[in-house]
Amino acid sequence: MRLGLYGGTFDPIHSGHCHLIQQLLERGIVDELVVVPVGNPWMKKTEPQASGHDRLRMVELAVEGLPSDIRARVRASDTEIHRAGETYTIDTVLEIKKARPEADVVLIMGSDAFSSIGKWHRSAELLSLVEVFVVAREGVGFDIDALTISSTMAREKIAAHEDVSNELPESVWSYIQERNLYASK
Ligand code: ATP
Ligand code: MG
């Protein structure tokens, strides 16, 4: 059983993330996927704009909007947003391996995230525990054509009152409007 671990800020989750999630399962790159919004992303220069609660809720809404055969194999996890202190992927991997000892954990990340993996907390140990699946961004990947969408782009468009229907799942956009998120940059 190949269990994908897909972490990110998801501030907010967007259609590029959803496209990737769908491809991973459709192509059998993983059998199941856990999507984990990060609590305190110590590697990023700026704090997430939306709260952990809101980012998790948007991930849940996006997962609910996936086709039913895909949705059944994806779940959103609150483990990192509830963890005190800085968030380290190694802690999440160890947690998953304890709960699901039969699973091979596959760490999913974009090429931008992968380029700094050597600096991650206990990176050598982390890399010894997982298989890494890297998706090329801003260009054509070997396995998955990443959509050229980022959360930054989505946040900027929202603040500028531009149309984001290509960038965001409908339910996520409704949630953002209800909660008045990302109204300013
Ligand atoms: P920001 O613009 O705020 O940096 P982002 O769009 O890069 O946000 P993250 O939450 O940082 O989103 O990304 C989480 C993970 O998803 C990272 O591994 C990142 O490389 C990957 N990712 C982000 N956007 C895409 C995309 N369009 N296609 C494939 N992977 C993506
Ligand atoms: Mg990014």
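For this chain, numbers begin at 1 and follow the sequence in order. Keep in mind that the numbers below use all heavy atoms, side chains included, and drop hydrogens, waters and symmetry copies. Quick caveat, the model's predicted, so the values are computed rather than measured.
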Determine the sole option in R71, R2, R100 for which the salt bridge (charged side-chain N to carboxylate O under 4.0 Å, His left out) test with E32 is passed.
R100
Should L181 and M153 be regarded as members of a common hydrophobic cluster, given that ILVMFWY residues are connected when their side-chain heavy atoms come within less than 4.5 Å of each other, either directly or indirectly?
no
Counting only N and O atoms by type, is there a donor-acceptor contact under 3.5 Å from the side chain of T9 to the main-chain atoms of P48?
no
Keeping S116 on the side-chain end and K119 on the backbone end, is there a donor-acceptor pair under 3.5 Å?
no
Counting only heavy atoms not in E170, do more than 12 sit closer than 6.0 Å to its CD atom?
no
If you compare all heavy atoms of T87 against all heavy atoms of G39, which two are closest, and at what distance to 0.1 Å?
OG1-N, 3.2 Å
For K157 and E167, which heavy atoms make the closest approach, and how far apart are they?
NZ-OE2, 3.0 Å
Reported CD1-to-OG distance for the pair I21 and S15, which is rounded to 0.5 angstrom:
10.5 Å
Closest heavy-atom pair and its distance - V35, P37:
O-CD, 3.6 Å
Just distance, no hydrogens or angles: give the donor-acceptor pairs under 3.5 Å from side chains in residues 57-70, sequence neighbours left out.
| from | atom 1 | to | atom 2 | distance (Å) |
| --- | --- | --- | --- | --- |
| R57 | NH1 | E60 | OE1 | 2.7 |

Once you round to the nearest 0.5 Å, how far does OH of Y175 lie from CD1 of I13?
13.0 Å
Restricting to non-hydrogen atoms, name the atom on A103 and the atom on L3 that form the minimum distance, rounded to 0.1 Å.
CB-CB, 3.9 Å
Under 4.5 Å between any side-chain heavy atoms of L5 and T89, yes or no?
yes
Heavy-atom check, side chain of F133 versus side chain of V30, under 4.5 Å:
no
With sequence neighbours left out, the residues meeting ring pair (Phe, Tyr, Trp, His ring centres under 6.0 Å) with F10 are Y6, H17
Measure across S77 and V34 and return the closest heavy-atom pair with its distance rounded to 0.1 Å.
CB-CG1, 3.5 Å
Among residues at least two apart in sequence or on other chains, which ones pass side chain to side chain donor-acceptor pair (under 3.5 Å) with D163?
S165
Do L168 and I158 make a side-chain contact, defined as non-hydrogen atoms from C-beta onward lying under 4.5 Å apart?
yes
Side-chain contact, heavy-atom cut-off 4.5 Å: I117 with M109?
yes
Could you tell me the separation between the CG atom of D31 and the CG atom of L24, rounded to the nearest 0.5 Å?
11.5 Å
Using the test side chain to side chain donor-acceptor pair (under 3.5 Å), find all partners of T152 that sit at least two apart in sequence or belong to another chain.
R155
Donor-acceptor list for residues 90-99 side chains, cut-off 3.5 Å, not counting sequence neighbours:
| from | atom 1 | to | atom 2 | distance (Å) |
| --- | --- | --- | --- | --- |
| T92 | OG1 | E80 | OE2 | 2.5 |
| T92 | OG1 | R83 | NH1 | 3.3 |
| T92 | OG1 | R83 | NH2 | 2.9 |
| E95 | OE1 | T79 | OG1 | 2.5 |
| E95 | OE2 | T79 | OG1 | 3.2 |
| E95 | OE2 | R83 | NH2 | 3.1 |
| K97 | NZ | L129 | O | 3.4 |

Okay, side chain of R55, backbone of A50: is any donor-acceptor separation there less than 3.5 Å?
yes
For I81, the hydrophobic cluster (side chain heavy atoms closer than 4.5 Å, chained through members) also holds L56
